[in-house]
Amino acid sequence: METSPPQNPSSGDASDASSLAAAALDVPARAWRSLVSRLPPLLAAVSDLQRRYFGVPRRRRRRRAALPLPLRPAAAHSARIAGEMPKAFVILDDVVQHTLTNLHSIHKSLLFWQAKAEGTNSQKVYFMIFERGPRAFVDATYQTLTRLGSNGRPVQYILHSASDMVSTKLAALASMQHCLATFLAEIHSEVDRCREGLTANSDKSLHTLFIVLNTTFSKLEVSLRNAGEGQDELCTHDGNSYELFGKLPEVDLESQEWTESLLTDGISLIYQNLQKLDSFLSSQLSSHKKPNRLTIYWLPYTCGALGLSVCSLWLLRHSSLMGSPDIDNWIQDAKESVAGFWDEHVEKPIISIRDELFETFKQRDKGVMENQEVQLTEDSLRRMLVAFCEQTEGRKLPEDLPVQAMLETLTKRYEKELIHPIQNLFSGELARAMLIQIQKLKLDLESGLLEMDQILRANAINFAVLAALPAFGLSLLLLMLLRTWIQRDHGAEGRGNIARCQRRLLLVDVERRLMEFQHYRDNGMEEEARYKFGLVLYTLDRLCKAVESHAKETGEWLSLREDIFDLAKLDMGMADKMVVVSRLKWMYNCLLPFSSSRLPRL
């Protein structure tokens, strides 16, 4: 009889402990898996409640579509007044808004790469080395050093690489812009063709909407495939292509009826198509869009960070944390300097101006009294001169005889008396003549002091203002900087001359693209004509946003908006549109040249 080998008790305890530990650790894992497995149904239930009770799911809009859709004006206007926009209008507005947002991103990247393509060779080299991020800087430096070591031409290599990169990005962005602009034009043309159904009752409008979006989304997918961009995203792992956009349900309203679930599923599919479009374009733009500011200015930011670090270390070394009183002393000196500047150039001059104003009014009466005293002294001197001259000449002098003539007589007699000074001092007229001369000196002195006092009193305020000029200049500089910061240009929507020029350039783009649209239509090139009309709609949307706030300030918004809307109409002739463009150029204040913009407000 075989017996089992004896078991080690310690090993059994160890296995039991490990199994208990594993079971304990498995409890939170099972709980987490259970929670994760229940999340999708929960989220689906929340989404279903949102769709049932709140209708179309609201999306966060980054850009508001300014141009209206070519629907029947009466229906759209009455819906806006009632505050209850039909679902078809809201969905179409979201589709147009998504398209305009993506077009705007592509347009900004196109402008950036076009500027780089038109730059000088030195600008291209600088961009390739210093404005593409640290990794590109290291790669470009390595390539430059390698080609220098092999007697190559690193500058020519960098320029050739820049040309290839920029041309590739421009071609890809232009292709995406062509697809989206054509899609936007298709939406407007289809809405214009089916606007009777879109403004009907709710079920019919949604059915018409699904037909319109099926047509436009299918054409957009074909154009994206034909453009050759993003073929990897449109193919599965085995190389087979798949549909990018889902097909919306279409029902024959004569034999079938819409159900709530069918409407909800169709609306959800529309927004899923928009999300797919956004994801597809984002994946394409990720490699072709312009670099962000952090990438372009990484070198200045890095140098600034290093300088800030060095400055922080230096401040730390002189701070009280390291036992140094330098920073406290500098702060105290700065406070004293600011207080001294304020006291010397702001407070004291203002107080001095105030005191001088009070003193001016106070001394006005005193000045009148001083003038009266001087006048009395002058009258006394004249009487003394008249008495002296009449006694000397022995005749009565005329009343209008000037004082200067009498002083000449006094001087001649004084010189004659000085021949015998001692005799004439006691028995002659020498003492009297000296007294009259002293009175004349007193009068001259009082007159001079009075004039000097009047001059100082008149310029006291000027002296006080002159002392306050440094503070006034500093305040004026700060006000100018604040005004420049407040009124800085925000693209075409700003308030400066640059913004005004950009608004006029938008109008020039509208005019040029309208002419190109008409040229392609006359030559039977419908695809290019739709593309140019889509660009016209995008440019008009930008122009409408740029002039709205300015036109509302001048009272021109209602008329200006109608003119811009007329340019987006499909049934308006080109000659009439050119008349509208000319009116936009010269009739509205916000679109005039800055040299002719000072017009009275309406």
Side-chain angles (χ1 to χ4, degrees), residues 105 108-109 111-149 154-155 157-159 161-162 165-166 169 285-342 344-346 470-491 494-496 498-499:
S105 301
K108 290 193 297 183
S109 298
L111 291 179
F112 177 82
W113 293 116
Q114 286 174 356
K116 294 303 177 184
E118 296 172 0
T120 62
N121 290 338
S122 59
Q123 291 174 344
K124 292 178 181 178
V125 171
Y126 183 83
F127 170 75
M128 293 295 291
I129 297 177
F130 298 108
E131 293 185 349
R132 293 191 301 141
R135 181 177 298 178
F137 172 75
V138 173
D139 293 341
T141 304
Y142 174 75
Q143 293 290 339
T144 301
L145 295 177
T146 303
R147 293 187 175 273
L148 283 176
V155 176
Y157 171 77
I158 293 175
L159 290 175
S161 301
M165 182 189 69
V166 172
K169 293 181 181 298
L285 281 175
S286 61
S287 57
H288 299 302
K289 66 180 181 180
K290 71 172 186 177
N292 54 32
R293 290 182 60 87
L294 185 61
T295 302
I296 295 175
Y297 300 107
W298 72 272
L299 188 59
Y301 289 163
T302 303
C303 296
L306 292 175
L308 185 61
S309 301
V310 173
C311 182
S312 301
L313 292 175
W314 183 80
L315 289 175
L316 182 62
R317 181 181 177 184
H318 291 274
S319 66
S320 58
L321 297 175
M322 303 298 293
S324 176
D326 294 341
I327 293 182
D328 296 335
N329 295 335
W330 296 337
I331 293 175
Q332 185 64 29
D333 293 341
K335 289 181 179 178
E336 293 177 357
S337 300
V338 171
F341 178 84
W342 178 267
E344 291 293 331
H345 298 285
V346 179
F472 177 75
L474 182 60
S475 302
L476 183 62
L477 179 61
L478 292 176
L479 287 176
M480 291 177 62
L481 292 176
L482 182 62
R483 178 178 177 271
T484 304
W485 180 77
I486 293 175
Q487 297 184 353
R488 67 187 186 276
D489 291 324
H490 297 275
R495 294 183 175 274
I498 297 177

**Request:** For Thr295 and Arg132, indicate whether the former's side chain and the latter's backbone hold a donor-acceptor pair under 3.5 Å.
**Result:**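 No; zero donor-acceptor contacts below 3.5 Å.
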Side-chain touch [X]/[Y], heavy atoms, less than 4.5 angstrom:
{"X": "Met165", "Y": "Lys116", "result": "no"}
{"X": "Val138", "Y": "Arg135", "result": "no"}
{"X": "Tyr157", "Y": "Thr146", "result": "no"}
{"X": "Asp333", "Y": "Glu336", "result": "yes"}

Rounded to the nearest 0.5 Å, what's the gap from [atom1] on [X] to [atom2] on [Y]? Could you check?
{"X": "Ile296", "Y": "Phe112", "atom1": "CD1", "atom2": "CZ", "result": "4.0 Å"}
{"X": "Arg147", "Y": "Ile158", "atom1": "CZ", "atom2": "CD1", "result": "9.5 Å"}
{"X": "Cys311", "Y": "Leu316", "atom1": "SG", "atom2": "CG", "result": "11.0 Å"}
{"X": "Leu299", "Y": "Ile129", "atom1": "CG", "atom2": "CD1", "result": "11.0 Å"}
{"X": "Tyr297", "Y": "Glu131", "atom1": "OH", "atom2": "CD", "result": "7.0 Å"}
{"X": "Cys303", "Y": "Leu308", "atom1": "SG", "atom2": "CG", "result": "12.5 Å"}

**Request:** May I ask you to decide if the ring planes of Phe127 and Trp113 are parallel, tilted or perpendicular, using 30° and 60° as cut-offs?
**Result:**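 Perpendicular, since the angle between the ring planes exceeds 60°.
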**Message:** Checking Gln332 against Asn329 for the side-chain contact (heavy atoms from CB on, under 4.5 Å) test, could you report, in this order, the C-alpha distance in whole Å, the side-chain angles of both residues, the deciding distance, and whether it holds?
**Reply:** CA-CA 5 Å; Gln332 185 64 29; Asn329 295 335; 5.7 Å; no
Looking at [X] and [Y], what are the two nearest heavy atoms and their distance?
{"X": "Lys124", "Y": "Ala162", "result": "CB-CB, 4.4 Å"}
{"X": "Ala117", "Y": "Val166", "result": "CB-CG1, 3.7 Å"}
{"X": "Val125", "Y": "Val155", "result": "CG2-CG1, 4.2 Å"}

